[in-house]
Protein chains: 2
Amino acid sequence: MNEEKKQYEELDEETLFVVSQTFKALSDPTRLRILSLLSNREYSVSQIAEILQLKQSNVSHQLRYLKNLRLVKFRREGTTIYYSQDDEHVIRMLQQTIYHALHR
Amino acid sequence: MNEEKKQYEELDEETLFVVSQTFKALSDPTRLRILSLLSNREYSVSQIAEILQLKQSNVSHQLRYLKNLRLVKFRREGTTIYYSQDDEHVIRMLQQTIYHALHR
DNA sequence: CGTTTATATGTTAGTGTATGAATATATAAA
DNA sequence: TTTATATATTCATACACTAACATATAAACG
């Protein structure tokens, strides 16, 4: 009745950090909206700001955050920078969870 | 070159809230460790605290948090309360993400 | 009832995060 | 090279979150 505790193998710290970071990226409504938008196709920063009614600086902040986690990528075209999603797994997870939330 | 903005249908606020809440639950390392532990089988509060080396009050707080989101459930046996996971979808998502993090 | 054990809750200090205003940088066009 | 446009960054601030300690509640049992 006492030995049963011993079996569980803990997650290593590195994995724990990566996983929690990933979920943290998805825990903010603004980032969720941006990622959800980008799951379809690429958009420029100003397009994102206009569509989602956000300040440009806010969009830039969140895109940097997402870029650091390699959840989005970008390409430049003149002065315009187009962002798109860069992690199929995360996008799939997001869409599944949205579906799940809509059909509860 | 201007009309392409109009198509995107925004997530409604309720869904956005539910989804971000769910991910927020998973964004904290302590809650992740607890949920990961509970994905196998049920454990009492004191067992969780001992296995994960957490303060009892901390475990209780996190369990209440997870319970409010219906991610865990519990049953009482005398003074002991056993908690177990209560959302297959979230557990699956967690395990997939752990797997993904381990094999990158 | 009083005591012990298991769990829950209130409170608070420290830390982290999201946002916006102002400003800087970068590219293109004139 | 000046000007306009798009994006990034810096800085300040308000707010949220985590974890710990202290305390309360609830059940079991003598």
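Just so it is clear: chains get the letters A, B, ... in the order the sequence lines come, proteins before strands, and each one is counted from 1. Please read all numbers here as calculations on a predicted model, not as lab measurements.
Note that the CD atom of B/Glu13 and the CG atom of B/Leu11 stand 11.0 Å from one another [nearest 0.5 Å]. Between the CD atom of B/Gln85 and the CG atom of B/Asn40 there is a distance of 10.0 Å, given to the nearest 0.5 Å. Atom NZ of A/Lys73 sits about 13.5 Å away from atom CG of A/Leu66, to the nearest 0.5 Å. Atom-to-atom distance recorded for A/Leu71:CG and A/Ile91:CD1 is 8.0 Å, nearest 0.5 angstrom. Atom CG in A/Leu52 sits 11.0 Å away from atom CD in A/Gln47 (nearest 0.5 Å).
Minimum heavy-atom separation, B/Val45 to B/Leu63: CG2-CD1, 3.9 Å.
Separating the CG atom of B/Leu54 from the C1' atom of D/dA19 is a distance of 10 Å, rounded to the nearest angstrom. Per the geometry, CG belonging to B/Asn68 stands 13 Å off C1' belonging to C/dT9, to the nearest Å. Rounded to whole Å, atom P of C/dA6 lies 10 Å from atom CD of B/Gln56. A/Arg33 places its CZ atom 15 Å from the P atom of C/dA18, with the value rounded to the nearest Å. Between the NZ atom of B/Lys55 and the P atom of C/dG10 there is a distance of 21 Å, rounded to whole Å. One can place CG of B/Asn58 at 18 Å from P of C/dT11, the figure rounded to the nearest angstrom. A/Tyr65 places its OH atom 11 Å from the C1' atom of C/dG16, with the value rounded to the nearest Å. In this structure, B/Gln62 places its CD atom 10 Å from C1' of D/dC17, rounding to the nearest Å.
Ring geometry for A/Tyr43 against B/Tyr8 counts as perpendicular: the plane angle is over 60°, on a 0 to 90° scale with 30° as the lower cut.
The side chain of A/Tyr43 places no N or O atom within less than 4.0 Å of a non-bridging phosphate oxygen (OP1 or OP2) of D/dA6. One finds a side-chain N or O of A/Ser46 lying less than 4.0 angstrom from the OP1 or OP2 phosphate oxygen of D/dT7. Considering only side-chain N and O atoms, A/Arg64 lies nowhere under 4.0 angstrom from the phosphate OP1 or OP2 of D/dT7. Neither OP1 nor OP2 of D/dA16 sits under 4.0 Å from any side-chain N or O of B/Lys24. Residue B/Thr30 places no side-chain N or O under 4.0 Å from the OP1 or OP2 atom of D/dT18.
Using a 4.0 Å heavy-atom criterion, one finds that A/Tyr83 contacts the sugar-phosphate atoms exclusively. Using a 4.0 Å heavy-atom criterion, one finds that A/Thr80 contacts the sugar-phosphate atoms exclusively. Within the nucleic acid shown, B/Ser57 comes within 4.0 Å of at least one base atom, counting heavy atoms only.
No N or O donor and acceptor, one from the side chain of A/His61 and one from the base of C/dT17, sit under 3.5 Å apart.
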**Study point:** Per-nucleotide protein contact string for nucleotides 24-30 of chain D (B base, S sugar-phosphate only, - none; heavy atom under 4.0 Å)
**Key:** ---BS--

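Of all nucleotides present, only C/dG10 satisfies the Watson-Crick or G-U wobble test against D/dC21, with each distance under 3.5 Å.
Residues A/His61 and A/Tyr65 keep their aromatic ring centres 6.0 Å or farther apart.
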